[in-house]
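Below is one structure, written out as structure tokens; comments come after it.
Atoms within a ligand are numbered from 1 in the order they appear, just like the ligands themselves. Numbers here simply count residues along the sequence, with the first being 1.
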Amino acid sequence: MTETLGAKRFLTGRWLLPMNGDPIAGGAIEIEGQRIKRVLNKEEFAQVADKLGPDHVQDYGEAVIMPGLINLHTHIEYSSLHLLDTNAALFDWIPLLMRHVKTWQPEKFVESATHGALQMARAGTTCILDSSYDGTAAAGAARVGLRAVIALELFGVVENDTETFWQGWLDRKEKLVQRFELGQQPGFTQAAEAISKGSIRLSVAPHAPYTVGPSLTRRAMEWADKAGIVWTMHVAESPEEHRWIASTSPRLDQFLQGVHTLPDGRVENIHWRDCGKSPVQHLADNDLLQSSLVAAHVVQVNESDIQELASRKVTVAHCPRSNSRLRCGMAPIGNMLTAGVSVGFGTDSAASTDDLDVLAEARCAWHLQRAVNPDFRFDSYDAIYRLTAGAAKAIGLSSDIGTLEPGKFADVAIFNISSASEVARERPYDLLLYGNVPLSDLWVAGEQVLKNALY
Ligand SMILES: [Zn+2]
């Protein structure tokens, strides 16, 4: 699905947004192999261009050339369940999702994950952090050519069985890698190759504080630390989760009795249920908040939770459209940003949002925040930064991606701005966030993943 760069080593257009400095009008990047060799301003490029034939330059004209977007919370395996149920609240929606997924054959997972990865690419996304039910997301990402951290989900609510749950996860991960190496499904060989070259990395995703006990979460965290990789967890997503940890939630009790093996079959034996704490405080008190955690959703938080997240340098993957769809509430992102919390954006799965466009997610977030707080002071640049350089930092890849600068991978998104007004074309960050401009091309590690992806 990818094409090599060939002779066209220079990409240029109206705007180059390096995201480690100001926009460069008429700038260019030179790509050598998988990486960016040089970033040139208009004058420097003019001097080089004089000596080059047109075969060496891809001139996108009225376009914005920028680092590929990074989506911090996805489940691409569920992409074929788009618009599954647009009215169900979270704990009606999860069982419905599971009923579908449980009937899927392995090839269905691959097909769905590939579909999702393609939607990601078409939205300008070059890298995803995916919470993966069975790991097949890696095959979808590899087939399309995306960079990815695929975090295999982990479940286990019985503290006494922590070692069994953990060993089960390690076995699943090992078997997954073996399945990829055997290459018996579409994309599996590509996944094995991407894992061996490092463009796809496998990590762990303890599902949520109500489905994973603190000691099992600790095993996951320690494993991720040792592997030097980011890990992820759904945290404080719903009012039910908050109520269940703080006091009681009959709805969540009922949910757990339906899907999980409980200690003696009794939710009362879960010691962190009804403990008087918020989900964030529960994790903080168990020393499970750290800078390599990307916490997804984080809707149900108070001011003291926000201070914990800021001081422990946790990144929040903000998913406002999924939070709204699943009746989870609205995360106080304005307060988090003001407190200095690292915030990025995630679309969540296509089964709980409109589309997999992470720019649209950021747009929704900024609209909502301005609606509820007229003093919200974060602008378009700030949103775009959090979709690129900020997100790269959050997932520990800032030395490789997130900005256009020499030595980094040539992970590049090009948006066509030719149909925008002249006023808008002078404001590239606003245009990206609010202008709904179409993607033109996408490059990952110097390979062209999409060409003329106008839609
Ligand atoms: Zn999720």
Hey, are R327 and D92 close enough for a salt bridge, meaning a charged N less than 4.0 Å from a carboxylate O? no

D348 with R325: basic N within carboxylate O range, under 4.0 Å: no

Checking side chain to side chain contact (heavy atoms under 4.5 Å, CB included) for the pair H73/F345: CA distance, chi angles, key distance, verdict? CA-CA 7 Å; H73 185 61; F345 302 98; over 6 Å; no

Please state whether the rings of F109 and W104 are parallel, tilted or perpendicular, taking 30° and 60° as the class boundaries. perpendicular

Strictly under 2.8 Å, is any N, O or S atom of H234 next to the Zn ion (ligand 1)? yes

Of all N, O or S atoms in D348, identify the one at the shortest distance from the Zn ion (ligand 1). OD1

Please work out the angle at the Zn ion (ligand 1) defined by atom NE2 of H75 on one side and atom NE2 of H73 on the other, rounded to 10°. 100°

